[in-house]
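For reference, the structure is listed below as structure tokens.
These values consider heavy atoms only, across backbone and side chains, with no hydrogens, waters or symmetry-generated copies.
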Amino acid sequence: MNNPQHHVFILMGVSGSGKSAVANAVAHELNAAMLDGDYLHPRSNINKMAGGHALNDDDRAPWLAALNDAIFAMQRTNDVALLVCSALKKRYRDRLREGNSNLHFIYLEGEKEVIEARLKQRKGHFFKPQMLVSQFEALEVPQADESDVQAIDIDQPLDNVVADVVSHIQSVTNQG
């Protein structure tokens, strides 16, 4: 049984939108649990990605099921929990919503040029422009019918993005 006072927030967006950096800072500020969804990929997916191959929907099915289970587990034991997951397609978001009453998405929204510039500045990160192109091609921007999604503009300093996310979480959880 889900605890109605417990909320899980999925930080979603394309690679390079700052999901991990924002989630780490928000988790620290709110003393919230945090999980990077990439850690739940089955070995076969990790091997496929390491070989430079993109995952298809069949590859993602067991991963989405594992994420859904993790959301349920985090929601049982944490007032606020954060999950980092690209959740680029609406059907993926719908799968993650299944059976989770207090699930919310925070879409870290930014223009391709902003994200590309950030990726190029990353230390020790080999930037592949084609990867970003494919991320934006796969992205199904949340529409008005997805009322559990809050977009946050990432074209501002990280501290401001974090403050906007914290403010949204506090407004949802009435902790503000």
Side-chain angles (χ1 to χ4, degrees), residues 1-43 45-46 49 55 57-110 115 135 138-154 156 158-176:
M1 184 78 192
N2 291 345
N3 186 321
Q5 283 76 46
H6 294 187
H7 296 264
V8 177
F9 294 85
I10 296 180
L11 278 82
M12 62 163 286
V14 298
S15 292
S17 61
K19 296 182 299 289
S20 296
V22 171
N24 279 315
V26 170
H28 181 75
E29 188 163 331
L30 296 179
N31 196 24
M34 190 200 112
L35 175 66
D36 187 328
D38 283 349
Y39 294 142
L40 297 180
H41 272 293
R43 183 180 307 224
N45 286 5
I46 293 167
M49 290 184 290
L55 299 179
D57 285 349
D58 289 339
D59 297 325
R60 286 190 180 91
W63 176 61
L64 290 167
L67 288 171
N68 183 276
D69 288 344
I71 291 164
F72 183 77
M74 292 186 342
Q75 189 171 343
R76 278 191 57 236
T77 56
N78 298 281
D79 291 339
V80 174
L82 307 171
L83 176 69
V84 174
C85 172
S86 56
L88 297 179
K89 295 182 183 284
K90 183 178 186 298
R91 66 181 170 274
Y92 302 163
R93 296 189 292 273
D94 288 343
R95 175 66 182 97
L96 296 172
R97 289 180 175 106
E98 287 176 15
N100 293 297
S101 55
N102 282 348
L103 180 70
H104 317 273
F105 292 84
I106 297 174
Y107 170 39
L108 298 181
E109 185 176 34
I115 295 170
Q135 288 272 299
L139 175 64
E140 294 172 6
V141 174
Q143 301 299 311
D145 65 326
E146 292 186 84
S147 60
D148 58 356
V149 180
Q150 174 67 45
I152 302 287
D153 181 10
I154 64 163
Q156 55 180 333
L158 178 61
D159 288 347
N160 295 23
V161 175
V162 169
D164 287 352
V165 171
V166 167
S167 176
H168 173 67
I169 289 172
Q170 289 173 334
S171 71
V172 168
T173 61
N174 299 314
Q175 293 177 355

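The two residues A87 and F105 make their nearest non-hydrogen contact at CB-CE2, 4.2 Å. When all heavy atoms are compared, the tightest approach of H104 to H7 is NE2-ND1, 2.7 Å. Scanning both residues, D153 and V161, for their nearest heavy atoms gives O-CG2, 3.8 Å. The two residues L11 and A23 come nearest to each other via the heavy atoms CD2-N, 3.8 Å. For the pair I154 and G110, the tightest heavy-atom approach, listed with the atom from each and the gap, is CG1-CA, 3.6 Å. In plain terms, the two heavy atoms of G37 and W63 that are nearest each other are O-NE1, 2.8 Å.
Residue L108 holds its CG atom at 11.0 Å from CD of Q150, rounded to the nearest 0.5 Å. The CG atom of L67 lies 5.5 Å from the CG atom of L83; values are rounded to the nearest 0.5 Å. Between L40 atom CG and I46 atom CD1 the span is 9.5 Å, to the nearest 0.5 Å. A distance of 5.0 Å separates NE2 in H168 from CD1 in I106, rounded to the nearest 0.5 Å. Here L103 contributes atom CG and I71 contributes atom CD1; the two are 5.0 Å apart, rounded to the nearest 0.5 Å.
A donor-acceptor pair is defined here as one N or O able to donate and one able to accept, closer than 3.5 Å; such a pair exists between the side chain of N68 and the backbone of R95. With hydrogens and angles disregarded, a donor-acceptor distance shorter than 3.5 Å links the side chain of R60 to the backbone of L55. No side-chain donor-acceptor contact under 3.5 Å links Q135 to the backbone of V14.
Side-chain contact check for R93 versus D148: every heavy-atom pair is 4.5 Å or farther apart. Side-chain contact between M12 and P142: present, with at least one pair of heavy atoms (C-beta onward) separated by less than 4.5 Å. Residues E140 and R91 meet the side-chain proximity criterion, which asks for heavy atoms closer than 4.5 Å. For the pair F9/V165, no side-chain contact is recorded, criterion being any heavy-atom separation below 4.5 Å from C-beta on. At a threshold of 4.5 Å between non-hydrogen side-chain atoms, the residues D94 and E98 do not count as touching. Here the side chains of I169 and L82 are in contact, with some heavy-atom distance below 4.5 Å. Taking the side chain as every heavy atom from C-beta outward, D79 and H6 approach each other to under 4.5 Å.
Residue pairs that meet the side chain to side chain donor-acceptor pair (under 3.5 Å) test with at least one member in residues 32-41, sequence neighbours left out, are H41-N45. Listed by first and then second residue, the side chain to side chain donor-acceptor pair (under 3.5 Å) pairs that reach into residues 19-32 come to none, sequence neighbours excluded.
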- Give the intermediate values and the outcome of side-chain contact (heavy atoms from CB on, under 4.5 Å) for residues N102 and V8. CA-CA 6 Å; N102 282 348; V8 177; over 6 Å; no
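Using a 4.0 Å cut-off between charged side-chain N and carboxylate O, K89 and D57 make no salt bridge.
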